[in-house]
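Okay, structure first, notes after.
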Amino acid sequence: MHGDGIRTGTTTSNLSAQPTAKPDLWAAYRMRWRRRGLLWRSFRSRHQLTSVTDRTDLIKRGDVLVVMTLRNEITRLPYTLAHYRRLGVGQFLIVDNGSTDGSEAYLAEQADVSLWKTDRSYRAARFGLDWMTWLQMKYAHDHWCLMVDADELLIYAHHDTRDLKALTSWLDGRGQRVFGAHMLDVYPKGPLSKARYEAGQDPMEVLQWFDPGPYRARRQAPLGNLWVQGGMRERVFFAKKPKHSPTLNKIPLVRWSRRYAYVNSCHSALPARLNHGYDGPGGDAPSGVLLHTKFLPEIVAKSEIEKQRKQHFHAPAKFDHYYDEIAAAPDLWSEESRKFESWQQLEALGLMNSGGW
Amino acid sequence: MSVGILMLVHTALDRAEQVARHWANAGCPVVIHVDKKVPRKTYDRFVASCSDHSMIVFCKRHSCEWGMWGIVAASQSAAELMLEQFADVHHIYLSSGSCLPLRPVQELKDYLAARPRTDFIESATTADVPWTVGGLDHERFTLRFPFSWKKHRYLFDKWVDIQRFVRFKRTIPKGIVPHMGSQWWCLTRQTLSAILQDPDREVFDKFFKRVWIPDESYFQTLARVYSSNIESRSLTLSKFDFQGKPHIFYDDHLQLLRRSDCFVARKIWPNAEKIYGGFLRSPEGAIKMSEPNPAKIDRIFAKAVERRTKGRSGLYMQSRFPNEGWENGMTFGRYSVFHGFTELFEDFEPWLARATGTRVHGHLYAPERAEFEGGQRVLNGALSDSPKLRDYNPIAFLTNLVWNTRGERQCFQVGPRDEGAPVWFICKDPNAQISVISGAWAIPLFKSNMNFADIRKEAARLQKLESDQLKALRSPYAKARVRIWSLAEFIEAPMEPLQAIIDEIGTDPTRRLAEAPKMTDLAGFGQFLQNLKNQGMHPYLMGDFPVTQAENEQKKPPRKPYLVQ
């Protein structure tokens with residue numbers, strides 16, 4: 001307030017606006033009902049959750065929250081939680097989907113974790129989205145809320161010196177409610193099974209490499225989100241079926257409202273304006289990177305189980321080859337792989353933007 | 001003699017207290033104004049916690065909204081209290097709760113004591129400065145603004161439009177010339193008291209109450225009336241981003257702030273422990289009397305602003321996706337496309353690489369695979385030669401290639417066989433240089449060992465494809481540098497066009513071509529075309545190739561490479 005200065009003396013706010021498409025009222029109306037449908041599903045899904053530890057009374061105004069669904073992630077959890085604690089997260093809202101490796105007991109002990117559990121189908125709950133949307137609806141209204149998986153580490157410009165509170169309050173100042181991130185697969189050099197990872201270790205010490213490109217983006221109707229694909233998983237597993245290659249754009253960090261709903265993981269959301277976190281010409285909207293640390297050595301054993309469970313992907317049968325190939329412990333490294341150094345490196349490569357911050 | 005600090009506070013009260021104590025401990029009286037919107041309870045607690053210090057006092061509270069009179073009223077009340085209660089105050093420094101002194105307070109005192117008659121207030125006439133972002137400058141003083149810019153933007157804008165339409169104008173009171181500048185000033189007791197005790201103050205206040213963002217013009221304008229010596233700059237370091245919002249300083253700016261030698265900086269992020277810890281210590285070591293030097297910070301922030309507003313053209317990513325045609329460069333940098341050259345010259349690619357020092361690929365959009373330079377399978381940025389991936393999004397393939405090979409010009413071949421090539425995209429891209437020899441596709445057919453019926457069929461297909469591509473290249477929408485020759489035209493004098501293309505690529509403008517690429521032997525080509533015609537397929541894209549030429553050429557030995565001095 002004080003000191004938003006002279007230089008704000010403008011009467012229009014569209015400094016970097018794209019031309020807005022003609023409002024299609026019918027499409028907007030349909031999307032509104034779609035959103036309500038999603039919220040209703042999520043509201044119904046609350047019966048599937050059993051509270052294990054409820055520390056939600058400790059949530060303070062202005063806290064940044066993390067919501068997460070997981071299954072058997074005991075080796076990663078200590079580091080993931082530590083990473084987000086360092087970034088100033090106030091509380092973790094976690095759904096445990098039938099872990100058998102002690103994740104539940106571990107999480108129940110953490111002072112900043114509220115834990116629910118369920119044994120219901122992950123896939124039937126829209127890959128956990130129904131559960132998480134319910135938790136967000138109930139606890140995250142008007143909070144900045146981060147939806148990530150246990151194997152995703154969010155980084156952004158200056159993340160080493162400025163925490164999420166600084167980031168979100170800056171975004172608030174700009175009137176921006178969403179912060180997008182690019183999912184970047186990181187992997188070891190050499191066959192997957194050769195790497196060594198100790199529980200609690202920083203996965204980035206093991207997974208030091210990533211693909212600097214190519215990433216392609218296209219705009220998708222009717223939600224207006226970008227669809228970014230490419231990178232290592234496409235190069236290795238989906239070169240013949242680029243259409244099936246994983247979606248890499250996410251909007252994990254949102255100033256949440258109980259009226260919001262994610263549509264497809266956190267790749268896109270409703271209302272559609274949440275998907276417009278990108279800039280047109282003459283602009284570089286701020287965005288971050290989600291380091292996707294899926295390819296730890298344990299994935300080799302896990303992928304066989306996942307193949308049997310058929311809980312991922314809309315058409316699981318089409319992805320059998322993906323699990324088979326991972327189970328064969330391939331070497332994901334290529335001549336053009338880069339070694340991960342810092343966020344500055346990622347920004348120079350055009351994978352994230354500081355957006356003038 | 002000392003400096004009095006006025007502090008306008010609305011959040012992060014604990015930090016404000018910390019800073020206020022720092023000033024007060026160094027002997028500077030502090031008057032704090034707390035926004036009326038802060039709840040009574042919080043305010044009382046704040047007052048109580050500061051009550052042990054006699055140099056910290058609180059003034060009457062006003063409700064402050066950005067761009068409104070409240071902030072000026074707050075400064076007035078605080079200033080009046082300061083002048084009244086602390087008689088030995090010589091300079092009065094206006095600051096906010098998120099301001100932080102960067103240098104020992106004694107240095108500021110000495111600096112001001114050495115300039116007892118100087119008012120430090122940024123103050124410029126509206127006509128002279130480009131600060132205002134795209135909107136109102138002089139009209140701030142001549143229009144009325146009953147609607148809040150922050151809350152009712154639409155009404156605000158419309159009301160401005162209506163007033164402009166009916167040519168409404170307020171009259172500016174006599175004796176003042178509107179000036180604007182940063183609202184963080186440091187005035188002498190003399191100037192400030194003259195402003196506050198002016199017999200006409202009623203008139204001025206009434207006028208400025210209806211001005212937009214008066215905190216940036218009230219004191220700035222009136223100081224011009226009374227001050228004998230204005231130094232038009234603010235002692236407070238503050239930077240603005242592209243939206244006109246102040247930049248916030250975080251812990252990683254610590255070294256930068258130290259080197260700036262500024263007295264006070266804003267805004268500081270309230271949780272920046274290192275900054276607060278580092279600067280609010282009692283002074284140590286020798287006191288230096290250097291001038292503030294914000295230039296270094298200026299450069300760094302100017303860079304950030306430029307990046308934010310201009311973006312990085314040619315980059316398509318998660319948070320940057322220009323509409324097609326909205327940007328001057330649709331790709332990151334310049335590249336060259338050659339059409340029909342490899343068919344005509346036997347060693348065109350290695351020759352071009354030698355002549356220009358650029359990276360020369362084959363047919364990137366060949367149906368079989370992307371022919372990267374030297375048969376590489378994966379190029380910079382892990383770009384794969386897989387045709388499937390490429391054809392899935394051919395435009396992204398190109399933008400990725402150009403982005404990932406930044407700093408090195410790329411050349412590649414395109415021909416009618418490369419149906420997947422995004423010809424429309426390329427010809428609309430001002431970064432592209434396209435050179436076409438039309439009809440050259442017939443040469444490989446001419447040299448091939450296929451049955452004539454198949455040749456005829458393939459020729460018809462390629463001619464159709466190429467004529468479609470040429471249509472795009474000749475369209476009025478093409479923004480690329482396009483040159484098109486027919487085959488017949490080109491072989492008349494091949495070196496001239498080649499030299500022009502190479503010059504334009506311009507890696508070494510002084511270099512003349514020392515060697516020419518080896519042109520393939522075209523003896524009998526005219527007859528070949530005639531045979532096609534005789535079969536009912538009319539090749540026209542290569543221009544006029546006389547049948548007789550073939551006869552003439554057969555007598556001559558095969559052409560030698562051209563040499564041009």
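We name chains A, B, ... by the order of the sequence lines, and we start the count at 1 in each one.
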> Rounded to the nearest 0.5 Å, what separation is found between the CG atom of B:Asp251 and the CG atom of A:Asp160?
Replying inline: 11.0 Å
> Going from OG1 on A:Thr161 to NZ on B:Lys274, what distance comes out if it is rounded to the nearest 0.5 angstrom?
Replying inline: 7.5 Å
Look at [options] and state which one has the largest set of heavy-atom pairs under 4.5 Å with chain B.
options: A:Gly231, A:Pro242, A:Ser287; answer: A:Pro242
options: A:Lys241, A:Glu234, A:Lys243; answer: A:Lys243
options: A:Glu335, A:Lys240, A:Glu336, A:Arg338; answer: A:Glu336
options: A:Leu349, A:Ile251, A:Asp163, A:Val228; answer: A:Leu349

Interface moiety of [X] toward chain A, non-hydrogen atoms closer than 4.5 Å:
X: B:Leu379; answer: backbone
X: B:Asn404; answer: side chain
X: B:Arg406; answer: side chain

>> Would you say that more than 12 heavy atoms from the other residues, nucleotides or ligands in this model lie under 6.0 Å from the CH2 of A:Trp333, or not?
In response: yes
> Would you find more than 12 non-hydrogen atoms of other residues, nucleotides or ligands less than 6.0 Å from B:Arg377 atom CZ?
Replying inline: no
> Stepwise, does the side-chain contact (heavy atoms from CB on, under 4.5 Å) test hold for B:His247 with A:Trp357?
Replying inline: CA-CA 8 Å; B:His247 265 297; A:Trp357 190 38; 5.9 Å; no
>> Counting C-beta onward and ignoring hydrogens, is there a side-chain heavy-atom pair between A:Arg216 and B:Leu389 closer than 4.5 Å?
In response: yes
> Taking the side chain as C-beta and beyond, is there a heavy-atom pair between A:Gln229 and B:Tyr392 under 4.5 Å?
Replying inline: yes
> Does A:Tyr215 have its ring centroid less than 6.0 Å away from the ring centroid of B:Trp403?
Replying inline: no
> Minimum heavy-atom separation for A:Ala239 to B:Ser386, with atom names?
Replying inline: O-OG, 3.8 Å
> What's the shortest heavy-atom distance between A:Pro214 and B:Asn400, and which atoms?
Replying inline: CB-ND2, 3.4 Å
> Please walk me through it: do A:Trp170 and B:Tyr250 pass side-chain hydrogen bond (donor to acceptor under 3.5 Å, both in side chains)?
Replying inline: CA-CA 11 Å; A:Trp170 176 69; B:Tyr250 300 90; 5.6 Å; no
> Which one of B:Ala272, B:Ala396, B:Pro387, B:Ala382 has the most heavy-atom pairs closer than 4.5 Å to chain A?
Replying inline: B:Ala382
>> Counting only non-hydrogen atoms closer than 4.5 Å, does A:Arg218 touch chain B with its backbone (N, CA, C, O), its side chain (CB onward), both, or neither?
In response: both
>> Check B:Asp252 with A:Arg162, please: is the shortest side-chain N to carboxylate O separation under 4.0 Å?
In response: yes
>> Heavy atom to heavy atom, less than 4.5 Å: which residues from residues 179-188 of chain A reach chain B?
In response: A:Gly180, A:Ala181, A:His182
